[in-house]
Amino acid sequence: MRIATLIDPESGRLSLAFAEVDGRVTTVADAMAETGLDLDPAALDPASVTWLGEPTMDGLRRIDESRDPALSQSVEALGCRLAAPVMRPGKIVAVGRNYMDHVREGQEIWAKRGRKVEIPEYPSAFAKFASSLTGPYDAVAVPNGIDDLDYEIELAVVIGKPALNVSEEEALDHVVGYCICNDLAARGIQRREMEQQIGITLAKNFPRFAPMGPWLTTSDAIGDPQSLDLVLDVDGDVRQQASTADMIFPVRKLISYFSQVGLETGDMLITGTPSGVALAREEPDRFYLRAGQVVTARIEGLGEIRNRIE
């Protein structure tokens with residue numbers, strides 16, 4: 001099942017919709033009218049995380065199985081656009097250095113500055129703010145004074161029920177679904193923040209620095225999250241290509257580890273990026289994102305997001 005969040009650009013009104021692989025959608029309201037099945041409207045508020053809980057998701061699944069996909073329409077025909085699937089997650093845990101090839105390229109970068117980067121023995125992360133989220137096809141403006149905007153394709157994991165100190169064996173039972181994230185970064189600011197050895201905050205949290213979507217694909221439709229191909233290109237030039245099988249710490253390990261802080265329904269983990277970022281290139285200035293370029297990120301089974309840089 002694929003659940004999209006639609007936004008009316010004029011009124012700002014949000015609504016949930018069932019999505020087809022080709023991008024056509026049927027609003028949940030229309031599907032309920034078609035099937036005669038009903039859910040509490042209060043539980044379907046996209047601005048909350050209530051709809052991600054098991055009771056509402058079970059109801060949505062029943063409606064999805066009963067509706068006619070042929071009645072779906074384009075998002076444009078509905079006068080809407082796609083928003084980030086989860087609008088207001090309580091926490092976004094952004095994992096770093098979780099692909100070995102990305103660790104290797106990071107080691108080379110920091111070695112030039114006289115610092116040694118060890119292969120991680122346990123997961124590490126920084127906070128990505130909900131205010132940095134934007135839709136899967138929204139434009140991203142380069143912040144004033146930033147000339148080193150970089151891209152990072154990542155698998156985003158959405159928590160469907162609270163997880164506190166869960167084992168790796170039970171971790172995936174707490175996942176409601178997955179989507180794509182492009183974890184954008186201002187590299188100069190990031191370098192300065194990392195040199196202070198406190199954490200990464202400003203570099204990763206400018207407005208629209210987390211394009212996400214195109215919709216939530218439920219975990220039962222994906223199965224094993226460690227067997228998905230990832231590709232990111234800029235204007236058709238492939239920059240990153242890998243598999244989630246290459247993660248140092250798999251999704252179940254990440255959930256178990258960070259469940260020590262208590263993960264709630266709607267919380268998200270973005271799980272790290274593979275090699276190929278602009279920063280690690282021989283001439284990074286040639287690969288940083290510039291106005292007019294289009295970044296497309298695809299993950300097997302999840303669709304693609306596509307964002308123009310302005």
Side-chain angles (χ1 to χ4, degrees), residues 1-20 23-34 38-53 56-57 59-60 63-64 67 71-92 127-144 156 158-160 176-177 179-184 204-217 264-268 270 291 294-295 297 302-310:
M1 182 170 64
R2 292 168 295 275
I3 303 291
T5 297
L6 307 181
I7 184 168
D8 182 320
E10 293 188 3
S11 67
R13 180 177 177 273
L14 298 169
S15 59
L16 297 178
F18 298 104
E20 313 300 334
R24 292 177 301 119
V25 298
T26 299
T27 66
V28 171
D30 286 345
M32 289 194 297
E34 174 202 342
D38 208 7
L39 288 172
D40 179 1
L44 297 173
D45 180 7
S48 77
V49 296
T50 305
W51 66 276
L52 295 162
T56 303
M57 291 302 294
L60 287 169
I63 296 170
D64 186 41
R67 70 185 180 88
L71 300 177
S72 296
Q73 307 176 68
S74 69
V75 174
E76 292 75 17
L78 294 175
C80 296
R81 63 179 176 82
L82 289 174
V86 182
M87 299 289 291
R88 296 176 184 171
K91 294 187 285 294
I92 305 176
K128 194 88 172 177
F129 301 156
S131 58
S132 68
L133 290 172
T134 194
Y137 306 122
D138 291 347
V140 175
V142 179
N144 291 337
V158 183
I159 299 298
V176 65
C179 54
I180 306 167
C181 180
N182 184 2
D183 178 23
L184 296 167
K204 292 281 190 172
N205 282 298
F206 283 95
R208 300 196 175 190
F209 263 35
M212 193 171 287
W215 39 68
L216 177 83
T217 301
E264 303 293 335
T265 299
D267 286 353
M268 308 182 76
I270 54 176
V294 176
V295 186
L302 302 183
E304 70 174 36
I305 64 174
R306 188 173 57 254
N307 304 94
R308 182 180 177 83
I309 307 301
E310 294 185 343

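At a threshold of 4.5 Å between non-hydrogen side-chain atoms, the residues M212 and V158 do not count as touching. Residues K128 and M268 are not in side-chain contact: their nearest non-hydrogen atoms beyond the backbone lie 4.5 Å or more apart. Residues M87 and L133 are not in side-chain contact: their nearest non-hydrogen atoms beyond the backbone lie 4.5 Å or more apart. Looking at heavy atoms from C-beta onward, T50 lies out of side-chain contact with D45 at the 4.5 angstrom threshold. Side-chain contact between L16 and L6: absent, with no pair of heavy atoms (C-beta onward) separated by less than 4.5 Å.
Looking at every heavy atom in both residues, E20 comes nearest to W215 through O-CH2, 3.6 Å. Between W51 and P85 the shortest heavy-atom distance is CZ2-O, 3.4 Å. In terms of heavy-atom proximity, P211 sits nearest to V140 at CG-CG2, 4.0 Å. In plain terms, the two heavy atoms of L52 and V176 that are nearest each other are O-CG2, 3.7 Å. The two atoms that bring G213 and C179 nearest to each other are O-CB, 3.6 Å, heavy atoms only. When all heavy atoms of R208 and L184 are compared, the pair lying nearest together is O-CD1, 3.7 Å.
A search for salt bridge (Lys or Arg N to Asp or Glu O under 4.0 Å) contacts involving R306 returns E304, not counting sequence neighbours. T27 pairs by the side chain to side chain donor-acceptor pair (under 3.5 Å) definition with D30, not counting sequence neighbours. Remark: K204 pairs with E152, D183 by the salt bridge (Lys or Arg N to Asp or Glu O under 4.0 Å) rule, at least two apart or across chains.
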Pair F18-I3, side-chain contact (heavy atoms from CB on, under 4.5 Å): steps then yes or no: CA-CA 5 Å; F18 298 104; I3 303 291; 3.5 Å; yes
Audit row: D138, R81, side-chain contact (heavy atoms from CB on, under 4.5 Å) steps and yes/no: CA-CA 9 Å; D138 291 347; R81 63 179 176 82; 3.0 Å; yes
